[in-house]
Every structure is written in C-alpha cells, then in structure tokens.
Amino acid sequence: MIHHLKVPKVMAQDAIERARRLGILDSNFSIQNDAEYVLIPLVEGAAHDAGYPTVNVPGRPAQKKYQPQGTHGAFDVIGHIAITKIRNRERAVSLARALIDANRSITTVYLDTGIQGEYRIRNLELLAGTDNPVAVYRENGVIMTLDVRKVYFSPRLATERMLVSKDVSDGEEILDMFSGIGPFSMNIARWHNCTVHAIDSNPDAIFYMERSMMMNRLSGKIIPHNADVEKAISGMNKFHRIIMNLPHDAFRYLGIALDHLNSGGILHYYEILDVASLEGRMEEFRSRSLELLLKRVVHGYSSRESMYALWLRKT
Ligand code: SAM
C-alpha cells in the first residue's frame with residue numbers, strides 16, 4: 001500500500017507541481033484518477049507535508065522509459081530529443097534507433113561531438129529520427145523551450161536547480177550571472193516572489209528564456225540581460241544571492257561576483273575540479289571571507305574531475 005494525496009481534479013495540476021517541488025512525489029508510481037479525484041503517490045513519510053487528505057491504496061508501478069541494455073546514463077533526454085556522447089558511431093546509431101523504436105516520446109537522437117566557444121554550444125550530428133532541434137522540456141514544474149543547437153542546456157542540473165530554488169525566500173534580489181535560457185532563474189521565479197536578473201551573452205539564450213517566461217505562471221520577476229557579464233553587472237546594485245554556473249571559467253569572475261554580493265549573501269558556485277584543486281579553492285574562499293555552506297558533486301566530468309556545487313556565504 002502506498003500513501004496517495006486525494007485531490008479534486010480541478011486542483012490536481014497545482015497539487016502535483018507542489019508535491020514535485022517539495023520532493024515528496026514518488027515517481028516510481030503512476031498518478032491515478034477517476035471521474036472526480038486524482039491520486040498522487042507520495043514517498044514514504046511524506047504524508048504530513050502534503051496539504052491534502054491522503055489515502056492508502058495499492059501503488060500502480062510507473063512505466064519507465066525503455067533504455068537499451070547497458071546504456072544507463074549514456075543519453076540525456078531533453079523533450080523529444082535524446083543526446084549521446086557514445087564514441088563508437090555504429091553502436092551509437094544502433095542504440096539511437098532502438099531508443100526511438102521503444103519510446104514514442106523520443107523522435108530525434110543526436111551525437112554530441114563536443115561543446116565549443118563562449119556560448120558553450122554543442123556540436124550535434126543526427127543519429128536517428130527527424131532533425132528537429134527545438135524542444136519543450138519540463139523540470140520541477142517549470143516548462144522551457146530551447147534549440148539544442150543554438151544554446152547550452154543540461155538536464156543533469158535539474159536536482160541542483162530544485163535545491164537552489166528551495167533555499168530561496170520571497171523578496172530576495174538575485175543575480176543569475178551565466179543564465180543560458182534561464183533554468184535557475186525560472187526554477188526560482190516560478191515558486192518565489194523575488195526578482196532575478198539573468199545575464200547571458202548568447203542572444204539565442206535570451207530569446208528562448210523570454211519564450212519560456214511566457215509559458216510559465218511565475219510568482220516572481222525575471223529581468224533578462226543580453227550582454228557580457230562584466231558590462232551588464234557594472235550598473236547593478238548588490239544582491240542577496242548570486243548563481244555562477246560557468247563551470248570551466250567561473251573563478252575568473254569570482255571578484256566581480258563578490259563585489260555585488262551583500263554581506264551575509266549566498267553564492268552558488270559551480271566549477272569542474274579535481275580533488276587537489278578543490279583544496280586550493282577552499283583556501284581561496286577562506287581568504288576571501290567566504291564560509292562554505294554546502295559542497296556536493298553534481299556529476300562526474302572525467303576520470304579525475306567532477307563538477308562541484310559549492311554554496312558559500314559572504315561573512
Ligand atoms: N546556467 C545555465 C544552465 O544551467 O543551463 C547555462 C550555463 S552555460 C554552462 C554558461 C552560459 O554562460 C552560456 O549560456 C554562455 O552563453 C554564457 N556566457 C559565457 N561567458 C559569458 C560572459 N562573459 N558573459 C555573459 N554570459 C556568458
């Protein structure tokens with residue numbers, strides 16, 4: 001038996017989004033419905049957080065997306081698009097075809113042969129399906145649209161974005177320094193009445209951010225800036241919180257970020273590091289009066305390096 005929220009159908013969408021946001025929706029089970037009510041499966045122990053009456057009924061196992069054997073983690077899925085970095089082309093093509101055959105929702109599979117340039121854009125070759133690079137993607141109750149050939153986007157940060165959003169309070173002034181299409185900004189402004197300045201130098205990123213803003217009911221405000229961060233930031237005041245998601249180059253911009261962070265403000269800093277250089281960074285942060293609040297590996301990058309999330313408070 002699984003605890004489910006019992007929600008009148010008209011309230012269901014909001015309740016599902018809220019459960020997702022709170023991290024209490026159990027995705028191992030399907031959402032069930034009858035004529036009047038929707039039953040939303042909850043993770044164990046979550047019932048008291050739920051905000052609606054709960055019922056204890058058998059869970060209906062969710063249908064998982066089919067993944068060809070041995071390919072777990074080999075494909076990123078963004079809407080109808082799957083992207084892989086599998087180097088053996090023959091193997092990549094046959095897996096791409098298998099993926100399309102088994103998943104009605106995936107109609108395009110690209111091979112990622114590398115990320116390039118200031119805009120961090122992927123070089124993509126079509127492996128199977130139709131060549132349609134514009135996706136609609138959902139995470140944490142937020143809808144976004146993007147062209148995977150023109151902008152940077154990684155679904156692997158969805159959990160990190162949810163954790164950052166949960167840490168925000170209403171009324172904050174926030175800076176998203178390398179926003180891309182604005183997934184951090186959107187995850188925050190969707191749920192919090194705050195103002196987020198989102199800066200990116202790629203005009204396509206700003207175009208898709210503005211389209212995505214129109215697709216969501218935002219509680220807060222996002223102000224997009226299409227500019228180089230050093231130019232855009234010079235006329236800005238200080239912020240309660242700054243997000244720096246430029247994992248290969250963030251350190252170069254640490255100084256200007258700190259100049260614009262309130263005392264007591266929070267910095268969400270992302271960098272690809274090996275264990276030895278992580279120690280060096282910690283020293284650097286201490287010397288700049290930054291207190292470490294949280295350190296976690298977001299994902300592996302190479303045999304020695306990982307992408308780290310470092311949450312820091314300016315003391
Ligand atoms: N935060 C986004 C996300 O989670 O999808 C995107 C991060 S992506 C790794 C880095 C972004 O920084 C790219 O969209 C790129 O165009 C932008 N960028 C790189 N250098 C920049 C600069 N000097 N000023 C403004 N934006 C910059």
Side-chain angles (χ1 to χ4, degrees), residues 112 114-124 133-134 142 144-154 156-157 160-161 164-165 168 172-189 194-214 218 220-262 265-273 277 281 284-285 288 290 298 301 307-312 314:
D112 176 348
I115 290 189
Q116 279 172 349
E118 176 187 324
Y119 298 162
R120 313 299 300 148
I121 292 171
R122 297 175 198 250
N123 229 335
L124 296 174
V134 180
V142 175
M144 288 171 274
T145 179
L146 66 141
D147 184 328
V148 292
R149 280 214 163 100
K150 292 185 175 167
V151 299
Y152 173 89
F153 183 77
S154 171
R156 295 187 183 199
L157 269 73
E160 179 63 22
R161 294 189 275 257
V164 169
S165 175
V168 168
E172 287 189 19
E173 295 275 332
I174 299 171
L175 175 62
D176 186 359
M177 276 176 83
F178 308 97
S179 64
I181 63 159
F184 276 99
S185 303
M186 215 81 74
N187 268 267
I188 293 169
C194 53
T195 303
V196 189
H197 287 264
I199 304 174
D200 203 284
S201 51
N202 179 354
D204 290 308
I206 301 295
F207 173 81
Y208 282 102
M209 186 188 328
E210 286 172 344
R211 293 194 90 170
S212 302
M213 282 161 62
M214 289 189 273
L218 299 179
K221 190 159 88 172
I222 300 174
I223 305 176
H225 302 264
N226 181 207
D228 182 273
V229 82
E230 281 172 304
K231 281 198 187 130
I233 207 174
S234 62
M236 292 179 172
N237 293 330
K238 291 198 173 185
F239 294 91
H240 297 104
R241 187 182 296 268
I242 296 182
I243 299 153
M244 294 182 75
N245 180 217
L246 188 66
H248 288 278
D249 222 8
F251 190 64
R252 188 149 84 85
Y253 297 94
L254 184 61
I256 57 166
L258 293 182
D259 287 346
H260 287 80
L261 188 61
N262 282 337
I266 292 174
L267 181 67
H268 299 278
Y269 179 91
Y270 301 90
E271 193 174 7
I272 290 162
L273 295 164
S277 34
R281 282 291 180 266
E284 185 69 40
F285 293 147
R288 295 188 190 220
L290 288 168
V298 180
Y301 182 73
M307 153 99 127
Y308 284 91
L310 302 164
W311 293 16
L312 304 149
K314 186 174 167 184

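When a residue number appears, it is its place in the shown sequence, counting from 1. All values derive from a computational prediction rather than experimental measurement. For the numbers below, each heavy atom of this structure counts, side chains included, while hydrogens, waters and symmetry mates do not.
Contact check for Phe178 versus Arg120: no side-chain heavy atoms found under the 4.5 Å cut-off. Inter-residue side-chain proximity for Glu271 and Leu310 is flagged as unmet; no heavy-atom pair is nearer than 4.5 Å. No side-chain heavy atom of Val148 sits less than 4.5 Å from a side-chain heavy atom of Arg122. The side-chain heavy atoms of Ile188 and Ile243, taken from C-beta on, include a pair separated by under 4.5 Å. Looking at heavy atoms from C-beta onward, Leu124 lies in side-chain contact with Asp112 at the 4.5 angstrom threshold.
In this structure, CG in Asp200 is found 8.5 Å from OH in Tyr119, a value given to the nearest 0.5 Å. Atom CD1 of Ile266 and atom CZ of Arg241 lie 4.5 Å apart (nearest 0.5 Å). Taken from CD1 in Ile272 to OH in Tyr301, the straight-line distance is 5.0 Å, to the nearest 0.5 Å. To the nearest 0.5 Å, atoms CZ (Arg149) and CG (Asp204) are separated by 13.5 Å. Ile242 contributes atom CD1, which lies 5.0 Å from atom CG of Leu175 (distance to the nearest 0.5 angstrom). Atoms CE and CD1, on Met186 and Ile181 in that order, are 6.5 Å from each other to the nearest 0.5 Å.
Among all heavy-atom pairs drawn from Ala198 and Ile222, the shortest one is CB-CG2, 4.1 Å. Taking both residues in full, the closest heavy atoms of Cys194 and Ile174 are given as SG-CD1, 4.0 Å, listed atom of the first, atom of the second, then distance. The shortest heavy-atom contact between Ala227 and Ile199 is O-CG2, 3.4 Å. Val134 and Tyr208 make their closest contact through CG2-OH, 4.0 Å (heavy atoms, listed as atom of the first residue, atom of the second, distance). The shortest heavy-atom contact between Met177 and Met244 is SD-CG, 3.6 Å. Taking both residues in full, the closest heavy atoms of Met213 and Pro224 are given as SD-CG, 4.0 Å, listed atom of the first, atom of the second, then distance.
Between the side chain of Arg156 and the main chain of Val298, no donor-acceptor pair closer than 3.5 Å is present. Put simply, the side chain of Ser212 gets close to the backbone of Thr145: a donor and an acceptor are under 3.5 Å apart. Not one N or O on the side chain of Ser185 forms a donor-acceptor pair closer than 3.5 Å with the backbone of Val196. Judged by distance alone, the side chain of Asn202 and the main-chain N or O of Lys150 form a donor-acceptor pair under 3.5 Å.
Classification of Lys231 and Asp228 as a salt-bridged pair fails, no side-chain N sitting under 4.0 Å from a carboxylate O.
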Quiz prompt | CA sep, side-chain torsions, deciding dist, call: Tyr253, His260, ring-ring contact (aromatic ring centres under 6.0 Å, His included) | solution = CA-CA 11 Å; Tyr253 297 94; His260 287 80; over 10 Å; no
Self-check item: Verdict with reasoning, Phe184 to Tyr270, per ring-ring contact (aromatic ring centres under 6.0 Å, His included)
Solution: CA-CA 13 Å; Phe184 276 99; Tyr270 301 90; 5.6 Å; yes
Self-check item: Residues Trp311, Val164; criterion side chain to side chain contact (heavy atoms under 4.5 Å, CB included); working and verdict
Solution: CA-CA 9 Å; Trp311 293 16; Val164 169; 3.7 Å; yes
Quiz item: Could you walk me through whether Val229 and Ile256 pass the side chain to side chain contact (heavy atoms under 4.5 Å, CB included) check?
Solution: CA-CA 9 Å; Val229 82; Ile256 57 166; 4.1 Å; yes
Exercise. Could you walk me through whether Asn123 and Gln116 pass side chain to side chain contact (heavy atoms under 4.5 Å, CB included), step by step?
Key: CA-CA 7 Å; Asn123 229 335; Gln116 279 172 349; 3.7 Å; yes
Quiz prompt | Stepwise side chain to side chain contact (heavy atoms under 4.5 Å, CB included) check, Leu157 with Asn245 | solution = CA-CA 10 Å; Leu157 269 73; Asn245 180 217; 3.9 Å; yes
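Taking the ring centroids of Phe285 and Tyr269, they lie under the 6.0 Å cut-off.
Taking a 6.0 Å sphere around NZ of Lys314, one finds it holds more than 12 heavy atoms contributed by other residues, nucleotides or ligands. Under a cut-off of 6.0 angstrom, the local environment of CG in Asp259 is crowded, with over 12 non-hydrogen atoms contributed by other residues, nucleotides or ligands. No more than 12 heavy atoms of other residues, nucleotides or ligands shown are found within 6.0 angstrom of NZ on Lys221.
Taking the ring pair (Phe, Tyr, Trp, His ring centres under 6.0 Å) definition, one finds that His225 meets it with His197, sequence neighbours left out.
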